[in-house]
**Q** 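First the structure, which I've put down as structure tokens, then a few questions once you've had a look.
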Amino acid sequence: MSLYQLSKLLYELNRDDTLKTRFRADPRDIVSGYTLSEEEREAILRPDIGLLYVLGVNGQILMHFAALCGIEWSDYLQRMRDGVKQHGPVRAGIYAMTTSVDEKISGA
Amino acid sequence: MSLYQLSKLLYELNRDDTLKTRFRADPRDIVSGYTLSEEEREAILRPDIGLLYVLGVNGQILMHFAALCGIEWSDYLQRMRDGVKQHGPVRAGIYAMTTSVDEKISGA
Amino acid sequence: MSLVFSGVCSHAPGITGRAARAPADQKDALYAVFDDMRARLHAARPDAVIVIAAEHFANFFMNNMPAYALGMSESYEGPIEDPEWLAIPKRKARGDLSLSQRLISEVQQTVDVAFCEEWRFDHGIMVPLHFLDPHNELIVIPANINCQGPPLTPLHRAWAFGEALRRAADAVPERIALVGTGGISHWPATPDSGRINEAWDRDFLDRWSRGDKDAMLAYTDTETYAEGGQGGFEIRTFIAAAAAAGGKGTVHHYQPIPIFAVGCTIGTLEIV
Amino acid sequence: MSLVFSGVCSHAPGITGRAARAPADQKDALYAVFDDMRARLHAARPDAVIVIAAEHFANFFMNNMPAYALGMSESYEGPIEDPEWLAIPKRKARGDLSLSQRLISEVQQTVDVAFCEEWRFDHGIMVPLHFLDPHNELIVIPANINCQGPPLTPLHRAWAFGEALRRAADAVPERIALVGTGGISHWPATPDSGRINEAWDRDFLDRWSRGDKDAMLAYTDTETYAEGGQGGFEIRTFIAAAAAAGGKGTVHHYQPIPIFAVGCTIGTLEIV
Ligand SMILES: [Fe+3]
Ligand SMILES: [Fe+3]
């Protein structure tokens with residue numbers, strides 16, 4: 001259930017410019033409005049893109065959060081690979097990884 | 001189109017306790033977040049339940065806004081009748097009136 | 001395992017919220033038949049009850065208005081209304097995520113149902129639950145048919161939805177009950193609140209009791225609006241319950257109560 | 001009047017957003033065929049174009065995820081993404097409320113489509129429009145098939161959706177064009193981004209070109225996920241476009257471009 005809440009936070013953040021501004025100003029305040037585990041909360045606040053991926057956040061939501069955090073595309077992909085290296089395989093959702101962590105498929 | 005925006009404001013207000021608190025504190029600020037005509041804006045701020053009904057707001061949304069404004073049930077029904085007397089028949093939406101303005105059907 | 005119960009009832013918020021303003025004998029008679037319905041429902045020993053509602057802009061709005069929706073969560077909260085206004089205290093109802101997923105996957109084979117990982121119950125579900133599950137024991141799967149914002153789904157699709165729910169209920173190991181809830185004629189929350197077309201209601205209930213599919217699907221929305229008001233669009237929930245059951249219906253109660261804004265109705269259907 | 005055009009194309013955000021990072025000859029070849037498709041589309045003189053997308057949590061989320069949706073507004077804005085990230089400037093696309101209402105009412109006879117009085121286009125619609133309607137001239141009716149959040153709608157319902165759109169298009173006086181847009185195999189926005197299963201893609205496009213309904217509907221989601229990735233679920237949009245057209249398809253372009261994260265595809269269908 002809390003993957004749903006975690007994903008919803010990122011979904012709403014992606015859609016809403018006012019929320020983005022408020023998130024930049026006080027991320028802890030925004031995050032407190034969602035029922036998250038400690039690990040999920042920390043993954044957002046750090047931000048730990050790799051851990052968010054491992055927690056099961058859909059890449060179609062996650063890639064925009066990465067862009068919001070100023071993370072460039074190739075770096076975004078690399079952080080997911082590093083996340084799997086560090087935290088192990090994807091735990092939930094439909095986005096399990098199918099290539100090896102050292103493979104750079106798109107050249108990116 | 002702006003009946004959609006007007007209805008959306010009331011829909012969101014009905015669902016969201018934080019928005020209710022903010023609306024009570026500064027209704028103009030909340031209303032400014034929606035693309036409304038001057039007449040719609042004023043109908044919300046006054047509040048003019050009868051005019052909101054005539055503008056086409058669905059009663060299933062409007063009755064909760066009336067309750068939020070502290071308007072009792074029979075008074076809510078009477079204000080809609082008065083609205084039709086004052087502003088003429090319902091202009092949009094599916095909630096046109098089918099009885100006369102002086103008829104109190106439910107005894108309310 | 002199978003569908004073990006199918007019934008229908010009214011859900012008008014006045015039934016609880018304005019209870020003190022109705023003639024006491026009429027209110028008491030209605031509440032007594034709700035008690036009977038609760039006994040019938042629990043006697044069927046359901047593992048879960050699907051409530052087919054026609055909710056009123058509590059969860060669904062014209063930004064994304066599904067014709068059909070099913071809840072897919074472990075729990076649901078309600079009422080979304082002020083508990084004092086509705087005179088029903090807040091509760092957290094139990095859901096069943098796995099059961100929802102299995103039902104939705106089967107329904108989707110024929111009916112394009114939206115799924116909802118959250119859902120806050122409005123009076124459309126809370127009033128029935130208040131009477132049918134006073135101790136908050138049942139597992140609830142909320143279902144919805146858009147009866148509020150046009151363009152509305154055609155009646156024959158409401159029938160198809162009922163059939164799909166039946167097929168889905170028969171395909172899972174759980175014992176499934178179903179309650180359809182809506183008005184027949186009524187003009188809720190408008191200046192016409194309290195208007196009730198008893199003749200039109202009785203004619204509809206006659207078609208419904210006979211299980212006469214063609215007669216139930218013969219209404220146009222224009223007719224329904226003229227004779228039954230915008231609240232009459234909610235006949236879709238009764239039609240879906242009939243389609244799910246497949247048998248004849250029995251009307252246990254019908255009584256117009258203007259301050260409740262509806263002809264208060266309770267019925268059950270034979271599962272065939 | 002009738003359906004006057006049906007085609008398909010890719011919509012990956014890299015096509016515009018990471019254009020400079022692709023091999024120039026591959027990018028140029030793709031862009032040239034997009035230009036051809038634009039010429040074909042405009043030559044059909046459509047009054048409106050339905051874009052069947054598979055949007056990516058821009059408007060639809062698991063709180064209320066419709067299997068099928070259609071826009072019902074006078075205008076739509078996009079992209080919802082950062083315009084610099086996508087390299088597509090913001091625009092307000094024209095809609096047609098009345099046309100939407102008529103199409104939705106007809107589609108609802110067989111497919112339970114959600115309607116949306118607002119809709120913000122993501123790359124799934126903006127990338128096609130960027131190439132097919134660079135001057136923002138067309139009237140657009142957005143359509144969506146949920147290809148993101150399971151449980152996903154079965155492929156045979158995607159076919160039914162295409163048939164329903166065809167019936168609706170044939171029933172209105174306007175000339176209607178249709179563009180289905182999705183990936184075939186791809187693993188977008190994951191560490192596997194850039195993986196493309198060319199053999200699987202070519203096999204799908206072969207079935208699609210032959211207009212072979214049974215072969216197109218033969219995939220299970222498990223197979224598609226294994227061979228085509230989660231992006232492969234978007235074959236639903238190609239299937240709907242084929243169902244609407246009813247004839248054989250021609251693939252004008254197919255070229256895997258890993259930095260665009262998809263086998264870039266452009267095709268048109270014979271309307272029969
Ligand atoms: Fe109702
Ligand atoms: Fe896509």
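Chain naming here is simple, since letters A, B, ... match the order of the sequence lines and numbering starts at 1 in each. On a predicted model such as this, the values are computed, not experimentally measured, just so you know. Values below: all heavy atoms of this structure, side chains included; hydrogens, waters and symmetry mates excluded.
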**Q** Is R22(B) atom CZ crowded by more than 12 heavy atoms from other residues, nucleotides or ligands, each under 6.0 Å away?
**A**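 12 or below, so no.
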**Q** Could you check whether atom CD of E84(C) has more than 12 heavy atoms from other residues, nucleotides or ligands sitting under 6.0 Å from it?
**A**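 No, the 6.0 Å shell around CD holds no more than 12 heavy atoms from other groups.
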**Q** I'd like to know whether NZ of K92(C) has more than 12 heavy-atom contacts from other residues, nucleotides or ligands below 6.0 angstrom.
**A**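 It does not: K92(C) NZ has 12 such atoms or fewer within range.
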**Q** Can you tell me how far apart OG (S74(B)) and CZ (R18(C)) are? Round to the nearest 0.5 Å.
**A**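 Those atoms lie 8.0 Å apart.
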**Q** Is E12(B) close to chain C through its backbone or its side chain, or both, or neither, when contacts mean heavy atoms under 4.5 Å?
**A**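 Answer is neither: E12(B) stays 4.5 Å or more from chain C.
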**Q** Is any side-chain heavy atom of S193(C) less than 4.5 Å from a side-chain heavy atom of L77(B)?
**A**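 The answer is yes, as the side chains (C-beta and beyond) meet within the 4.5 Å cut-off.
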**Q** Atom CG in D82(C), atom NZ in K20(B): separation rounded to 0.5 Å?
**A**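 Going from CG on D82(C) over to NZ on K20(B), the span is 7.5 Å.
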**Q** Counting heavy-atom pairs under 4.5 Å to chain B, which of G17(C), P13(C), A189(C) comes out on top?
**A**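 Going by pairs under 4.5 Å, I would pick A189(C).
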**Q** Counting distance only, does the side-chain N/O of R81(B) pair as donor-acceptor with the main-chain N or O of D192(C) below 3.5 Å?
**A**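 Pair absent, no side-chain N/O of R81(B) close to backbone of D192(C).
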**Q** Before accepting this row, confirm whether a basic side-chain N of the pair R21(C)/E72(B) lies closer than 4.0 Å to the acidic partner's carboxylate O.
**A**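 Looking at E72(B) together with R21(C), the answer is yes, because their closest N to O distance falls below 4.0 Å.
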**Q** With a strict 4.5 Å heavy-atom criterion, list every residue of residues 55-63 of chain C that contacts chain B, or say none.
**A**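 Residues of residues 55-63 of chain C touching chain B at under 4.5 Å: H56(C), F57(C), A58(C), N59(C), F60(C), F61(C), M62(C), N63(C).
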**Q** Which of residues 56-65 of chain B have a heavy atom under 4.5 Å from any heavy atom of chain C?
**A**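 At a heavy-atom separation under 4.5 Å, chain C is reached by N58(B), G59(B), Q60(B), I61(B), M63(B), H64(B).
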